[in-house]
Amino acid sequence: MPIVKIHGMIDPHTHLRDLDWSNKATFTSETQAAIASGYWAVFDMPNTAPSTTDEARLDDKLKRLDGGAHCDWGVYFGASQIDNSAEYERIASRVCGLKIYNNSTTGDLLISRQTDRERHYGAWSTNKVIAVHAEEETVSAILSLVRKYRQPTHFLHISSAYEINLLTKAKADGLPVSIGVCPHHLFLTIDDLASLGPYGLMKPELKTKRDQQALWQAIESGLVDVIESDHAPHTFAEKESANPPYGVPGLETTLPLMLRAVQDGRLPLDQAINMQSLNVQRIWRISPLPKTYTLVDTDHSYIIERGSLRAKCGWSPFEGLRAYGKILEVWIRGHLVFDGENVLSPPGFGRNLFGLVA
Ligand code: DOR
Ligand code: ZN
């Protein structure tokens, strides 16, 4: 049985919900799902209800995570349309980065005017990551700000050949950019929409086979830095409604699908693992923690099924797909927090990887 040790698995792109959206997911339910999937830490996006856009809301979220999280965590602050950049100096030490939404999606954080985006870039004076939701030509608009302000910028959920071309050039020019890709864009295409219906709706949307191929090539060439889930759970009722929201869960299927890609010969095992651990630590400047690792049996094969998922929403867009990997043990700071069956860390065990809780 090939048992592999992963040092410090992190998902830097999750929507843990809770607060006024605890019907979709809670800090407790999703951090338990994260631990059972091998993660040391998960970073939470700011498009919650309410959105994380001022110091009081940030403090409230930090306190709740501090009391409820089973694994370690980070929190993004959200740039908002009504300028909140005056808050940055006060909050920067406690967050994993700034998130700027430049295309429309779930939540109320869209910033569509370039002058507003620039104000946020200019005001973010730490060297912590700016994580951007930017699709297609918006990627160019953000790259012009990276060129001017030189802030380290992580392009979340890159999904098309066009975007890959732009970012290939940006990296060749030496700009401080990193690239995240999600399993749903690697394993699903628009051809799956007919069978998935609302469960295949997310932003950025599913793309063509050609786009999917460009993503795999970008992984093969080493251009892609991170595989992130964009875990964005919604309830069955919401997905079945007349206006289904965008977003799909993915925390529990990200490593298993990437291990399948390894089994399929698409990429080496160490690269798959680094894209979910070392590369994330490098980009978000996290020092490796001693005695913090995951043991996984990479040969274990199974079919993704509803019944075996722990995230609160209870479904996956990948149901029916073959995946690989059984998590045997997860250790955080010398504590066994998952024994292959049970989450052993209590709520509140998890710590903010980015500074003190207020
Ligand atoms: O599909 C998505 N869902 N894309 C996003 O950018 C946000 C997310 C959500 O919060 O539901
Ligand atoms: Zn997201």
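Numbers here simply count residues along the sequence, with the first being 1. The structure displayed is predicted, hence computed values, not measured ones. Whatever order the structure lists ligands and atoms in, that order sets their numbers, starting from 1.
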Any carboxylate oxygen within less than 4.0 angstrom of a Lys/Arg side-chain nitrogen, looking at [X] and [Y]?
X: Lys63; Y: Asp59; result: no
X: Arg94; Y: Glu55; result: yes
X: Arg64; Y: Asp60; result: yes
X: Glu220; Y: Arg266; result: no

Counting non-hydrogen protein atoms only, what is the nearest one to atom 8 (C) of ligand 1? Give residue, atom name and distance. Ala232 CB, 3.6 Å

min-distance protein heavy atom vs atom 4 (N) of ligand 1 -> Lys203 O, 2.8 Å

May I ask you to check whether Gln263 and Asp299 show a side-chain donor-acceptor distance below 3.5 Å? yes

Under 3.5 Å side-chain donor-acceptor pair for His133 and Asn103: no

Non-neighbouring partners of Ile283 that pass side-chain contact (heavy atoms from CB on, under 4.5 Å), sequence neighbours left out: Val129, Ser178, Asp225, Val226

What pairs with Pro256 under side-chain contact (heavy atoms from CB on, under 4.5 Å), at least two apart in sequence or on another chain? Tyr302, Ala323

Distance under 4.0 Å to a non-hydrogen atom of [X]: what atoms of ligand 1 satisfy this?
X: Met202; value: 1 (O)
X: Tyr246; value: 1 (O), 2 (C), 3 (N), 9 (C), 11 (O)
X: Gly247; value: 1 (O), 2 (C), 3 (N)

Provide the protein N, O or S atoms situated under 2.8 Å from the Zn ion (ligand 2); waters are not included. His13 NE2, His15 NE2, Asp230 OD1

Can you tell me which portion of [X] lies within the under-4.0 Å heavy-atom range of ligand 1? Options are side chain, backbone, both, or neither.
X: His15; value: side chain
X: Val248; value: neither
X: Arg17; value: side chain
X: His133; value: side chain

What pair of heavy atoms forms the shortest contact from Phe354 to Trp73, and how long is it? CD1-O, 4.4 Å

Touching ligand 1 at all, His234? Heavy atoms, strictly under 4.0 Å? yes

Return the CH2 to CZ distance between Trp124 and Phe77, rounded to the nearest 0.5 Å. 8.0 Å

Pick, from Thr106, Thr48, Asn103, the option with the minimum heavy-atom distance to atom 9 (C) of ligand 1. Thr106

Thr105 N/O to ligand 1 N/O under 3.5 Å: yes

Find out whether the Lys NZ or Arg CZ of Arg333 is both under 6.0 angstrom from the six-membered ring centre of Phe349 and within 45° of the ring's axis. yes

Side chain to side chain donor-acceptor pair (under 3.5 Å) against Ser29, all qualifying residues, sequence neighbours excluded: Thr26

